[in-house]
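Small disclaimer: the values here were computed from a predicted structure and weren't measured. Indexing begins at 1, ligand by ligand and atom by atom, following the structure's order. Here, residue 1 is the first one in the sequence, and each next residue gets the next number.
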Amino acid sequence: MMEQKSGQKKPPEDEILPIKVRNLSVTYRTEPALWNIDLDFPEGKMIAIVGPNGAGKSTLIKAVMGLVPITAGKISVYDKSYSKQRSKVAYVPQRGSVDWDFPTDALDVVEMGLYGKLGWLRRPNSQTREKARKCLEKVGLADYADRQIGQLSGGQQQRVFVARALAQDPQIYLMDEPLNGVDAITEETILSILENLRKEGKTIVMVHHDLQTVDKYFDWVVMLNRNLVAGGPIKEVFTRKNLDRAYQEKQRLSIR
Ligand code: ADP
Ligand code: MG
């Protein structure tokens with residue numbers, strides 16, 4: 001096995017993995033948000049993406065789903081392009097990026113997650129409503145199905161989006177800071193759901209802001225700072241040295 005400079009052991013190139021990122025660069029305007037990233041996301045793991053503000057964490061997740069234009073490189077999802085694998089991936093966006101004034105209730109938000117599976121012309125029906133209801137139940141929000149999403153607490157809104165991802169029944173969960181600003185009960189609820197999903201063999205990729213809990217919750221970590229600082233098992237790569245590299249360099253960059 002070859003050793004990459006990030007410390008990640010490189011699996012054979014023909015191995016099919018949930019997500020492979022090769023030479024990925026993303027530039028929004030003139031400055032690169034991600035530079036030459038190579039990563040292999042293993043199956044059935046809880047994977048944290050960490051790094052300072054502006055490190056490109058959200059950009060990486062969005063790039064996987066084709067939500068931002070890729071300047072260079074390639075991403076595959078189970079060996080194919082994302083567009084062929086949509087149904088295997090669910091996304092929980094960063095909370096600040098969602099328009100909560102949108103007039104829709106919790107059950108609708110969850111059910112909308114199922115539209116992609118139904119195809120354009122199929123309408124939601126009693127079966128999809130039932131499924132959506134069950135998923136709201138799983139996140140402890142059975143009683144809030146009819147509540148406008150704008151009138152839910154931050155933690156409840158986050159749980160609605162987790163329910164929506166669950167309803168899609170994907171292989172891969174891409175979650176952008178789902179634990180940010182939520183109360184302890186919500187954090188516990190979300191983590192125990194994710195733990196069960198991992199036991200079923202699902203792959204969970206989560207942008208995570210709390211460095212204190214990385215080794216407690218996750219198997220794997222990706223440390224970003226526009227460049228890839230490290231990607232691999234927690235024990236191998238979540239080191240003081242890598243943390244310094246991930247967080248200090250950014251500080252230098254942000255002092256203008
Ligand atoms: P993180 O999630 O790690 O905080 P982001 O991926 O959101 O970082 O952003 C990385 C960099 O790209 C930041 O400097 C941010 O300002 C910039 N950026 C993000 N999205 C856009 C966009 N849509 N247009 C222009 N610049 C963007
Ligand atoms: Mg972000």
Would you mind listing which atoms of ligand 1 come within a distance below 4.0 Å of any non-hydrogen atom of Ala55?
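Result: 1 (P), 3 (O), 8 (O).
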Which of the numbered atoms in ligand 1 are under 4.0 angstrom from any heavy atom belonging to Arg29?
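So the answer, numbered in order with elements, is 25 (C).
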For ligand 1, is there an N or O atom under 3.5 Å from any N or O atom of [X]?
| X | value |
| --- | --- |
| Asn53 | no |
| Gly54 | yes |
| Lys57 | yes |

Hey, could you give me each pair passing salt bridge (Lys or Arg N to Asp or Glu O under 4.0 Å) that has a residue in residues 198-211? Not counting sequence neighbours.
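Qualifying pairs: Asp169-Lys202, Glu195-Arg198, Arg198-Asp219.
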Sort and list the pairs that fulfil salt bridge (Lys or Arg N to Asp or Glu O under 4.0 Å) and have at least one residue in residues 137-162, not counting sequence neighbours.
none
Taking backbone and side chain together, does Ser58 place any N/O/S atom at a distance below 2.8 Å from the Mg ion (ligand 2)?
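Checking the Mg ion (ligand 2) against Ser58, an N, O or S atom does fall under 2.8 Å.
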Check whether any heavy atom of Gly51 sits under 4.0 Å from an atom of ligand 1.
no
Give a yes-or-no answer on whether the side chains of [X] and [Y] include a donor-acceptor pair shorter than 3.5 Å.
| X | Y | answer |
| --- | --- | --- |
| Gln151 | Tyr144 | no |
| Thr59 | Tyr28 | yes |
| Asp79 | Ser76 | no |

Distance-minimising heavy-atom pair for Ala165 and Pro170:
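It is O-CD, 3.4 Å.
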Please state which option from Val68, Thr59, Leu224 has its nearest heavy atom closest to atom 6 (O) of ligand 1.
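Selected option, by shortest heavy-atom distance: Thr59.
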